[in-house]
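So the structure is just underneath, and the comments pick up after that.
Fair warning: this is a prediction, and the values are worked out from it, not measured in the lab. Lettering follows sequence order; numbering is per chain, from 1.
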Amino acid sequence: MEYKFRDIEKKWQAYWRKEGVYKVSNDLPGPTCYVLDMFPYPSGAGLHVGHPLGYIASDIYSRYKRLKGFNVLHPMGFDSFGLPAEQYALETGQHPAETTKKNIATFKSQLDNIGFSYDWSREVQTSDPHFYKWTQWIFLQLFDSYFCNTEKKALPISLLIKKYETKGAMPKTGEPIPGKHFTATQWNAFSEKEKADILMRRRLAYCGYGEVNWCEALGTVLANDEVINGLSERGNHPVVKKTLRQWYLRITAYADRLLEGLETVDFSEAMKEMQSNWIGKSTGAEINFNLSTGTSPIRLTPNPSPRGEGGVIRVYTTRPDTIFGVDFIVLAPEHELTLQICTPEHKAAVEEYILHVKSRSERERMAEKKITGIFTGAYCIHPYSGREIPIWVSEYVLIGYGTGAIMAVPCGDERDHKFAQHFHIPITNIIGDHYQGGEANPTKDAVLANSSFLDGMVMRDAIDFVAEKMEKEGIGIRKIHYKMHDAAFSRQRYWGEPFPITWNEGTAHAIDKKELPLLLPHVDTYHPGPNGEGPLANIKEWVEAKRETNTMPGYAGSSWYFLRYMDPENEKEFCDRKFSDYWGQVDLYIGGTEHAVGHLLYSRMWTKCLYDLGLIGFDEPYKKLVNQGMILGSSRFVYRVHGKNLYVSAGLKDQYAADPIHTDVNIVDGVELDIEAFKNLREDHADAEFILEDGKYLCGAEVEKMSKSKFNTVNPDDIVEKYGADTFRMYEMFLGPVEMSKPWDTKGIEGVFRFLKKFWRLFFDETRGLVVTDEPPLPSEWKVLHHAIRKIGQDTEKFSFNTAVSAFMIATNELTDLKCHKRQVLEPLLILLCPYAPHIAEELWQILGKTSSITRATYPVFKEEYVKETAMLYPVAINGKTRTELNLSLEASQQQVEEMVLANDIVKKWLEGKAPKKIIYVRNKMINVVV
RNA sequence: CCGGAUGUGGUGGAAUUGGUAGACACGUCAGACUUAGGAUCUGAUGCCGUAAGGUGUGGGGGUUCGAGUCCCUCCAUCCGGACCA
């Protein structure tokens with residue numbers, strides 16, 4: 001009987017669906033395992049062969065765990081709110097809900113085609129009101145919570161109110177600052193609006209004015225991780241800074257816990273590095289520099305400012321030890337004090353400079369890399385030496401980090417050094433020989449010189465010494481800064497979760513939780529509303545109800561979706577605590593690196609909040625994270641001669657003036673173009689002419705990212721149609737380690753295809769039909785099986801799927817050579833193969849006379865004892881080749897035995913008297929014994 | 001510029017973690033069966049050499065009886081962050 005893969009696959013996919021084979025229950029005894037894929041955004045383009053890589057890996061792992069007796073949660077869903085559907089709606093007028101629905105249907109059919117073991121009864125869609133009801137609910141939890149700095153955790157805001165009512169908010173030491181501190185009596189006397197404003201400053205989800213990344217082309221704000229080099233991640237549109245009222249998540253409050261949590265999870269080093277860089281914690285000190293009153297006309301500012309106030313400029317440094325190396329102070333151009341302190345004769349020039357900086361986008365600024373800056377005419381007094389220090393303004397100091405002002409130490413900092421050289425500012429050397437005048441040396445190991453009371457001290461030790469001294473003397477304080485800012489949480493868009501918030505007299509009110517979900521209303525136009533507001537501002541009733549017109553960003557739903565899978569139909573809670581306790585953390589999370597700083601950080605933060613509020617029992621969502629590599633497309637080029645409909649073969653292209661043009665990789669066999677297919681591809685190709693070499697047209701090739709525009713995408717449906725889902729699954733794994741990027745090459749799939757056909761022939765003979773026998777296997781046949789079990793088990797456990805596939809091939813080849821068609825060998829092999837190629841396994845399982853599905857039961861094959869017990873019976877070849885040194889010391893104990901029938905344990909016992917230290921195997925052959 | 005990863009045949013990639021480098025597969029070549037094959041099977045295939053033999057894991061150096069694997073250094077590619085004080 002022939003291996004009719006398509007019939008088999010369709011049959012079993014229908015069976016699985018009908019019988020609900022992959023439905024999981026929330027209360028089975030025994031160990032659980034939660035295997036999760038990053039759910040996709042259902043784009044209109046559908047899946048290409050790169051997408052399922054991670055899904056296949058996770059599917060193999062979950063099926064494997066299931067066969068081993070775990071209760072496995074392996075769900076799938078869709079991140080269905082988001083910009084592209086809305087952009088599409090703007091262009092075509094189609095409702096995003098409709099296009100999304102259509103796209104999801106395509107995705108699901110493509111996924112089902114590959115034979116995944118998802119429990120679709122648990123599917124979630126972030127744009128489904130039953131789902132976003134709980135996104136809104138969790139948002140309200142965040143809105144109603146604050147971060148307690150003493151307990152370092154989120155607490156209900158009602159506790160804060162109680163505290164304010166009884167104790168107020170007074171500083172532990174020092175004078176209370178008006179506007180910041182207040183007594184209980186004062187609090188109780190505040191108006192509702194005043195109270196609300198104060199509370200807003202503490203809420204985990206809060207509304208405030210701030211500089212945001214505004215993208216004019218998209219008509220919305222973007223989070224920092226959605227902006228790359230001053231351009232939007234989606235669409236590459238320019239992004240500018242703009243002050244707007246926005247919702248934020250107070251993720252900075254969790255900065256330390258997000259960092260600490262990294263140590264408890266199994267992420268790759270690269271991933272941890274990326275996250276901690278993004279958080280960007282640095283410890284240092286803020287130091288006050290008094291302005292020299294002689295040189296500048298200072299107006300005392302009435303409002304205290306963290307950047308400095310009155311006659312003081314506050315700088316941030318990580319190196320307080322270099323205090324005596326300060327040669328100048330630099331303010332960011334946007335710094336509030338810049339214009340206040342500059343002397344009249346410099347004012348015009350400074351204003352002009354600030355204008356110049358503002359006029360350029362961040363992008364232009366970074367591209368230029370010119371040193372710019374201007375002197376303000378004002379001076380500071382060095383807190384210890386009393387020296388006058390000039391104050392400059394320069395764009396290399398960023399307003400958004402630290403205090404927006406720095407103390408420049410040219411001998412120790414590269415940028416300060418370049419600046420000093422450029423403007424001929426004299427440089428003080430405080431590190432002796434470590435600085436030669438050529439370039440700055442950021443060492444911490446130098447012995448300080450020219451540094452008054454610090455002379456002779458090693459810099460590393462001086463850092464803390466100075467910081468402490470400054471704190472005592474009130475000159476500065478130790479301070480920790482983060483690069484990470486609070487996350488902008490509102491978008492001026494339609495296709496997102498509406499905020500469950502109404503505005504009254506300028507204060508935000510949570511809507512009653514009983515009214516959730518607050519449904520996304522119908523709109524007539526997807527165009528932005530007035531004043532940079534979203535489309536919701538165009539709806540009369542919405543505005544009259546004083547509802548928030550922003551919607552939540554794409555990452556809202558994805559921040560907690562993994563919890564909903566545990567209890568997807570619950571209408572009373574986002575997830576029953578009983579079930580989140582049952583399943584616990586995600587044991588394995590598979591997805592791309594692109595979410596390193598966005599989704600992963602946000603969902604980690606939400607998890608921590610929910611944990612703090614006692615709603616779930618763990619504070620890190622993902623125990624282990626695997627980042628699958630990208631499958632790259634292999635693009636093909638044809639070379640068109642200038643101005644003609646004439647194409648020249650790649651080898652001859654240099655003889656003509658020809659441009660490379662992407663052509664569809666699917667009509668190219670290797671590099672040979674299918675000329676007929678090419679002519680039919682597009683109308684203007686119909687009468688194309690070709691210059692061939694050796695009678696063939698050869699294309700150029702290049703490896704690039706897979707994308708529609710490069711015509712190098714391969715649709716998994718086509719591959720499944722031609723080779724079958726099982727071949728496709730195994731080939732994707734066979735390509736290489738899951739974590740690695742690699743180019744797709746359709747040609748190579750033949751090898752895996754041949755393997756499955758060969759495997760089929762272990763059961764079926766072309767002429768004789770079913771050839772499986774009940775004869776007891778020979779030792780050599782057992783040996784093949786047991787090598788396979790051990791190797792494939794280990795490989796699957798450690799995600800080495802490519803070598804596991806190889807092991808299948810080896811075993812199959814060996815059994816073919818042995819002409820082994822014995823049930824006792826083939827049956828366990830089928831069980832092993834099941835996670836990788838479930839359809840063929842099911843079919844053969846049935847053919848062997850089994851009545852139940854192979855995919856659902858558990859088998860002793862995977863138990864340690866199974867292999868060990870039987871392994872004892874088999875021969876281990878020993879080929880003790882001696883080596884130079886060992887030869888000398890071990891001569892007496894070296895046994896040169898070839899093909900000796902002994903189990904490993906027996907060998908060990910046999911050598912016991914000689915106390916073997918190490919037995920060296922090479923590919924399961926013992927080659928040497930170290931005694 | 002900083003940080004992370006990677007570097008092995010014509011190609012994708014193995015190598016028990018310091019122990020016969022190149023498993024498995026693609027491709028290529030030769031052969032068998034075929035009217036025919038892009039089906040199937042067999043054999044060969046790192047490089048140089050007719051062979052004996054030599055050589056070989058990005059380059060150079062080191063540790064070791066022994067290095068693809070560990071250390072130093074340089075080079076290349078990919079990814080991420082980039083004026084973060």
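- Between C29(B) and G38(B), the two P atoms lie 11 Å apart (nearest whole Å).
- As rounded to whole Å, 11 Å separates atom P of A85(B) from atom CD1 of I406(A).
- Spacing of C1' atoms, U42(B) relative to A52(B), comes out at 29 Å, to the nearest Å.
- Nucleotide C78(B) is matched to G4(B) when pairs are restricted to Watson-Crick or G-U wobble geometry with both distances under 3.5 angstrom.
- Per the geometry, CD belonging to E439(A) stands 11 Å off P belonging to C1(B), to the nearest Å.
- Of the P atoms belonging to G12(B) and U17(B), the separation is 27 Å, rounded to the nearest Å.
- Base pairing of A36(B): no nucleotide in any strand meets the Watson-Crick or G-U wobble criterion (both distances under 3.5 Å).
- Atoms NE2 and OG1, on H356(A) and T372(A) in that order, are 6.0 Å from each other to the nearest 0.5 Å.
- Nucleotides A23(B) and C78(B), compared at atom C1', are 27 Å apart to the nearest Å.
- Judged by Watson-Crick or G-U wobble contacts below 3.5 Å, the nucleotide U28(B) has A44(B) as its partner.
- Comment: D321(A) does not engage K444(A) in a salt bridge, judged by the lack of any side-chain N to carboxylate O separation of less than 4.0 angstrom.
- Of all nucleotides present, none satisfies the Watson-Crick or G-U wobble test against A85(B) with each distance under 3.5 Å.
- More than 90° away from 0 lies the glycosidic angle of G53(B), which makes this nucleotide anti.
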message = I'd like to know whether Y396(A) forms a side-chain hydrogen bond (donor to acceptor under 3.5 Å, both in side chains) with D416(A), so could you lay out the CA-CA distance, the side-chain angles of the two residues, the decisive distance to 0.1 Å, and finally the verdict.
response = CA-CA 9 Å; Y396(A) 87 89; D416(A) 297 346; 2.6 Å; yes
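- Remark: the separation of the C1' atoms in G4(B) and C47(B) is 34 Å, to the nearest Å.
- One finds a side-chain N or O of N802(A) lying less than 4.0 angstrom from the OP1 or OP2 phosphate oxygen of A14(B).
- Under the side-chain hydrogen bond (donor to acceptor under 3.5 Å, both in side chains) criterion, T812(A) pairs with no residue at all, not counting sequence neighbours.
- A donor-acceptor pair shorter than 3.5 Å can be found between the side chains of Y435(A) and H417(A).
- Checking A51(B) for Watson-Crick or G-U wobble geometry (two distances, each under 3.5 Å) identifies no partner in any strand.
- Distance noted for atom P between G81(B) and G27(B): 39 Å (whole Å).
- The closest side-chain donor-acceptor pair between W744(A) and T746(A) falls under 3.5 angstrom.
- Rounded to whole Å, the P atom of U57(B) lies 10 Å from the corresponding atom of G9(B).
- Residues satisfying the side-chain hydrogen bond (donor to acceptor under 3.5 Å, both in side chains) test with E750(A), not counting sequence neighbours, are Y723(A).
- Residue-level contact check: P743(A) touches neither bases nor backbone, having no heavy atom under 4.0 Å from any strand.
- Distances shorter than 4.0 Å separate none of the side-chain N or O atoms of N277(A) from OP1 or OP2 on A82(B).
- C1(B) and C70(B): their P atoms are spaced 26 Å apart (whole Å).
- Base pairing of G56(B): no nucleotide in any strand meets the Watson-Crick or G-U wobble criterion (both distances under 3.5 Å).
- One can place NZ of K742(A) at 18 Å from P of C78(B), the figure rounded to the nearest angstrom.
- A straight line from CE of M730(A) to C1' of C26(B) spans 16 Å, rounded to a whole angstrom.
- The phosphate of A85(B) has neither OP1 nor OP2 within less than 4.0 Å of any side-chain N or O from Y396(A).
- Glycosidic conformation, U17(B): syn, with the torsion inside 90° of 0.
- Spacing between atom NZ of K747(A) and atom P of A25(B) amounts to 18 Å, rounded to whole angstrom units.
- For A14(B), there is no paired base (Watson-Crick or G-U wobble, both distances below 3.5 Å).
- Atom NE2 of H787(A) is separated from atom C1' of A23(B) by 14 Å (rounded to the nearest Å).
- Judged by distance alone, the side chains of E814(A) and H787(A) never bring a donor and an acceptor atom under 3.5 Å apart.
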Nucleotide N/O of nucleotides 41-43 of chain B paired with protein N/O under 3.5 Å:
unit_1	atom_1	unit_2	atom_2	d
C41(B)	OP1	R761(A)	NH2	2.8

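- A67(B): no Watson-Crick or G-U partner with both key distances under 3.5 Å is found in any strand.
- In this structure, the CE atom of M740(A) is 10 Å from the P atom of U8(B), given to the nearest Å.
- Taking OH of Y482(A) as the reference point, atom CG of L258(A) lies at 10.0 Å (rounded to 0.5 Å).
- In this structure, CD of E732(A) is placed 18 Å from P of C26(B), rounded to the nearest angstrom.
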